[in-house]
Chemist: 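Got a structure for you, written out below as structure tokens; questions coming shortly.
Predicted model, so just to flag it, every value in this text is computed and none were measured. Order of the sequence lines sets the chain letters (A, B, ...), proteins ahead of strands, with each chain counted from 1.
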2 protein chains.
Amino acid sequence: MGKATKRTVTIRDVAAAADVAVGTVSRVLNDHHSVTKQIRERVQKTILTLGYQRNAIAQSMRSARTKMVACAIRDFDIPAFASYVKAAEATFRSAGYTFILASTANAKDVELSLLQTFSQRRVDGVMMTMSDETDPDLVNAISHAAMPIVLIDRELVQSVDSVSADHRAGARQATEYLLSLGHRRIALLVGDPKAYPSRSRIDGYTEAHRCLGISVDPHLIRDRLLSNEATFRETAALLGRSERPTAIYAAGVDMLSGPLRAVRTAGLVVGQDISIISGNDSDLAELNTPPITALRWDRSEMGRHAAEMLLDRIDHGRQSPPRRIRLPVSLVVRGSCRPL
Amino acid sequence: MGKATKRTVTIRDVAAAADVAVGTVSRVLNDHHSVTKQIRERVQKTILTLGYQRNAIAQSMRSARTKMVACAIRDFDIPAFASYVKAAEATFRSAGYTFILASTANAKDVELSLLQTFSQRRVDGVMMTMSDETDPDLVNAISHAAMPIVLIDRELVQSVDSVSADHRAGARQATEYLLSLGHRRIALLVGDPKAYPSRSRIDGYTEAHRCLGISVDPHLIRDRLLSNEATFRETAALLGRSERPTAIYAAGVDMLSGPLRAVRTAGLVVGQDISIISGNDSDLAELNTPPITALRWDRSEMGRHAAEMLLDRIDHGRQSPPRRIRLPVSLVVRGSCRPL
DNA sequence: GCGGTTTGTGGAAACGGTTCATTGAAGGCG
DNA sequence: CGCCTTCAATGAACCGTTTCCACAAACCGC
């Protein structure tokens with residue numbers, strides 16, 4: 001004991017204790033072939049007895065690789081997001097990477113400042129969404145970042161890899177279903193059209209109408225619905241109009257509870273007085289009375305794909321052309337829509 | 001351009017370009033007072049023109065502080081967990097810390113290996129749960145870790161800070177409520193009693209019975225229910241028994257969907273044929289028909305408290321005695337329980 | 001105008017790994 | 001036996017910061 005300064009034990013301490021050079025210890029740690037079995041074992045024993053723990057900071061410093069990836073996403077307490085974040089984290093971890101997570105609250109300045117933080121931390125790659133695909137600052141920061149980036153559910157930046165769901169096809173399918181049941185006043189609830197999902201949902205919705213020669217009432221399209229409260233208020237307002245919609249397609253993510261509350265508040269019954277389709281499947285949709293018809297895609301696969309894409313970029317460089325994966329979306333028909 | 005090796009620009013490049021010493025640049029970066037206004041501005045301009053980005057790795061290397069904290073939790077795609085993880089992340093970020101997230105899948109070996117990873121990465125602190133509070137390996141690893149740790153909803157390791165909810169009081173309240181309605185066969189569904197929440201829920205449930213002199217049928221306590229499928233199966237089995245329970249207290253986290261499915265499958269109606277209390281409030285509970293009576297506590301506050309506690313430890317050392325915060329749990333009465 | 005203090009800047013030594021050139025020993029071959 | 005090659009291990013340089021010591025200039029009071 002004695003002075004017992006309790007310094008953390010370094011590779012140099014190990015080298016001294018095992019009576020070898022530091023380089024040799026390093027080679028043992030990295031499974032380099034040119035170490036005698038005898039010395040290897042001696043060093044390994046010393047590592048155990050001293051309780052040596054390799055310092056990842058020093059390692060990153062020298063190798064210029066941190067084995068860390070970062071993920072910046074609007075809000076990971078939304079189950080739909082959490083499930084692909086989880087899949088991504090698992091993929092990264094099994095590849096030996098550590099996962100940094102941050103939420104952007106869909107704010108441009110947060111997104112930019114996180115990109116800077118990640119860059120200063122020298123993460124090996126980034127997985128993210130952005131609030132506005134048309135913003136030049138964001139586009140510039142993302143396409144000129146020092147590390148590879150994979151976008152989630154964003155497609156506008158042509159030079160960057162992305163993984164998304166085919167929201168346009170999904171929206172079209174949902175809308176066609178409602179139209180086929182005879183609905184003509186279908187409210188569409190979406191988020192910000194400056195981002196891919198809402199934009200393509202509006203496209204799909206419009207397309208479905210146009211293909212059947214049905215005109216779209218622009219008042220029925222309500223966008224920029226970014227909170228449950230906003231969605232609730234907007235739905236309530238729609239239900240209060242003289243010619244209220246006969247169906248609601250709540251297309252945005254995590255957007256079901258607002259309309260359900262509003263419908264209940266208005267004293268209406270889902271599946272009788274009004275039809276509802278949810279843009280995302282969930283326990284809430286499945287277990288509601290009546291169960292809610294919903295769109296669905298494999299979110300775990302989305303996270304896995306994104307992670308694998310990013311790992312591939314990290315390993316094989318940025319020269320190959322950007323890749324784009326678009327996952328299929330399907331409609332799960334339940335009991336919340338009735339024919340008119 | 002010329003050779004254009006595109007090395008990242010370092011503090012040395014800045015020093016050379018601004019014609020000062022590296023130490024001076026460092027002092028400008030760290031807002032050290034003893035730099036002339038004139039030199040400070042010259043250096044700052046150089047930093048901007050060269051596009052210098054401070055290397056956090058090198059900084060950590062030298063200062064032995066990473067400004068990173070890690071969080072290891074069973075499963076962050078469970079909304080109840082995600083909401084306090086989110087609050088914690090926000091707190092850490094506003095304090096200048098970067099947040100590492102990993103899920104343990106409630107497995108001891110994952111927990112141990114994550115602790116090692118965090119330790120190798122020299123994170124400044126850890127926020128976590130563990131699968132088994134009685135496991136000596138885990139207890140040892142946690143109480144002798146190199147960095148401060150705050151436990152979430154775990155209380156057995158006396159030497160470590162913790163933040164939890166008062167599950168025992170909550171369970172007692174829920175059980176007393178059901179007993180007061182005349183229920184005598186109340187099924188209790190919980191997770192693993194080796195962890196604090198389930199253990200204290202069983203305590204609270206038992207206590208409520210004992211205080212009224214009512215005996216507990218051990219067959220009605222179903223523990224180790226760690227997945228939705230297991231909970232579904234167990235509930236279905238209970239409902240199939242000759243003397244089926246008149247009430248179900250689904251106490252575990254994210255445990256409501258299983259019983260709801262089982263009740264529906266059995267052709268029963270919640271609030272009429274059987275009463276249900278959920279151990280966690282959620283959209284699903286609130287929007288169900290009928291709305292489900294549930295326990296509730298402030299999860300964001302839980303995450304915030306944990307983060308603040310950890311930051312305090314990081315700043316002020318580990319000599320002060322361990323702190324323990326236990327948040328109150330309250331019962332939100334809705335329409336899912338009827339008097340017998 | 002001179003000793004002593006204060007202030008601003010330069011330069012170098014750390015931090016803990018990895019890697020590369022170097023060396024010494026051992027082995028193979030004519 | 002001497003030369004060439006191969007193989008193991010050594011020791012030092014390096015990664016990009018921070019911090020500490022040294023030093024010179026400026027300032028102070030007497």
Chemist: Given C:dT18, is OP1 or OP2 found less than 4.0 Å from the side-chain N or O atoms of A:R54?
Modeler: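 Result: yes.
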Chemist: Taking atom types as they are modelled, would you say the side chain of A:R27 forms a donor-acceptor pair with the base of D:dA8 within the 3.5 Å cutoff?
Modeler: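 For A:R27, whose side chain was compared with the base of D:dA8, there is no donor-acceptor pair (under 3.5 Å).
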Chemist: Give the rounded distance in Å between these two atoms: CD1 of A:I39 and P of D:dC7.
Modeler: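 The distance from CD1 of A:I39 to P of D:dC7 comes to 17 Å, rounded to the nearest Å.
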Chemist: Does B:Q59 have a side-chain nitrogen or oxygen under 4.0 Å from the phosphate oxygens OP1 or OP2 of D:dG16?
Modeler: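 So the side-chain polar atoms of B:Q59 never come under 4.0 Å of the phosphate oxygens OP1 or OP2 of D:dG16.
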Chemist: Applying a 4.0 Å non-hydrogen cut-off, can you work out what A:R12 is touching in the nucleic acid: base, sugar-phosphate, or nothing?
Modeler: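 Base contact.
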Chemist: Donor-acceptor pair, distance only, cut-off 3.5 Å: does the side chain of B:R27 make one with the backbone of B:H32?
Modeler: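 The answer is no, because no donor-acceptor pair under 3.5 Å joins these two groups.
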Chemist: With a non-hydrogen cut-off below 4.0 angstrom, is B:S63 in contact with a base, only sugar-phosphate, or nothing?
Modeler: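 B:S63: no heavy atom of the nucleic acid under 4.0 Å.
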Chemist: With a 4.0 Å cutoff (strictly under), does any side-chain N or O of B:S26 reach OP1 or OP2 of D:dT17?
Modeler: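 For B:S26, the contact criterion (side-chain N or O under 4.0 Å from OP1 or OP2 of D:dT17) is not met.
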Chemist: Indicate, with a heavy-atom threshold strictly under 4.0 Å, whether A:S34 touches base, sugar-phosphate, or nothing.
Modeler: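 Result for A:S34 = sugar-phosphate.
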Chemist: Counting heavy atoms from C-beta on, name the nucleotide in D:dA8, D:dT10, D:dT17 closest to the side chain of B:A58.
Modeler: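 Minimum distance to the B:A58 side chain belongs to D:dT17.
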Chemist: Is there side-chain contact between B:Q59 and B:N55, with heavy atoms separated by less than 4.5 Å?
Modeler: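 Not touching, per the 4.5 Å side-chain cut-off.
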Chemist: Please report, rounded to the nearest Å, how far the P atom of C:dG17 is from the NE2 atom of A:H32.
Modeler: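 About 18 Å, once rounded to whole Å.
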Chemist: Let me spell it out: for each of A:G23 and B:D19, pick the nucleotide of DNA chain C with the closest heavy atom. Which residue's pick is nearer the 5' end?
Modeler: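 Final value for this comparison: B:D19.
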Chemist: Quick one, A:L29 and A:I47 - any side-chain contact, counting heavy atoms below 4.5 Å?
Modeler: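 In short, these two side chains touch, coming nearer than 4.5 Å.
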Chemist: Between atom CD in A:Q120 and atom C1' in D:dG16, what is the gap in whole Å?
Modeler: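 My rounded result for the distance is 13 Å.
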Chemist: Would A:M147 and A:V69 count as a side-chain contact (heavy atoms from CB on, under 4.5 Å) if you check the C-alpha gap in whole Å, the side-chain angles of each, and the deciding distance to 0.1 Å?
Modeler: CA-CA 10 Å; A:M147 58 280 181; A:V69 291; over 6 Å; no
Chemist: To the nearest Å, how far apart are B:N30 CG and D:dT17 C1'?
Modeler: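 Computing the B:N30:CG to D:dT17:C1' distance gives 9 Å.
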Chemist: Between D:dA9 atom C1' and A:H33 atom NE2, what is the distance in whole Å?
Modeler: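 The answer, rounded to whole Å, is 13 Å.
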Chemist: Closer than 4.0 Å, any side-chain N/O of B:N55 to the OP1 or OP2 of D:dC15?
Modeler: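 Indeed not, no polar side-chain atom of B:N55 lies that close.
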Chemist: Listed by chain and number, what are the side-chain hydrogen bond (donor to acceptor under 3.5 Å, both in side chains) partners of A:R324, not counting sequence neighbours?
Modeler: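 If we apply the side-chain hydrogen bond (donor to acceptor under 3.5 Å, both in side chains) test to A:R324, skipping adjacent residues, the hits are A:S162.
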Chemist: Within the 4.0 Å heavy-atom criterion, would you say A:V25 contacts the bases, only the backbone, or no part of the nucleic acid?
Modeler: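 Here A:V25 touches no strand at all.
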Chemist: Please work out if B:I57 contacts a base, only the sugar-phosphate, or nothing of the nucleic acid, heavy-atom cut-off 4.0 Å.
Modeler: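 Result for B:I57 = nothing.
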Chemist: Starting at atom CD of A:Q53, determine the distance to atom P of C:dG17, rounded to an integer number of angstrom.
Modeler: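 Between P of C:dG17 and CD of A:Q53: 11 Å.
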Chemist: Roughly, in whole Å, what's the span from CD in B:Q38 to P in C:dT9?
Modeler: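 For the pair B:Q38 CD and C:dT9 P, the rounded distance is 8 Å.
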Chemist: Does A:D19 CG have over 12 foreign heavy atoms under 6.0 Å away?
Modeler: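 It does not: A:D19 CG has 12 such atoms or fewer within range.
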Chemist: Which part of the nucleic acid, if any, lies within reach of B:T10 when heavy atoms closer than 4.0 Å are counted: base, sugar-phosphate only, or nothing?
Modeler: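 Sugar-phosphate: the residue B:T10, judged by heavy atoms under 4.0 Å, touches backbone atoms but no base.
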Chemist: Just how far, in rounded Å, is P of C:dC15 from CD1 of A:I11?
Modeler: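 From A:I11 CD1 to C:dC15 P: 14 Å.
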Chemist: Ignoring hydrogens and angles, does a donor from either the side chain of A:R62 or the base of C:dT18 sit under 3.5 Å from an acceptor on the other?
Modeler: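 Checked by distance alone, the answer is yes.
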Chemist: May I ask you to verify if any side-chain N or O of B:T24 is less than 4.0 angstrom from the OP1 or OP2 atom of C:dG8?
Modeler: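 For B:T24, the contact criterion (side-chain N or O under 4.0 Å from OP1 or OP2 of C:dG8) is not met.
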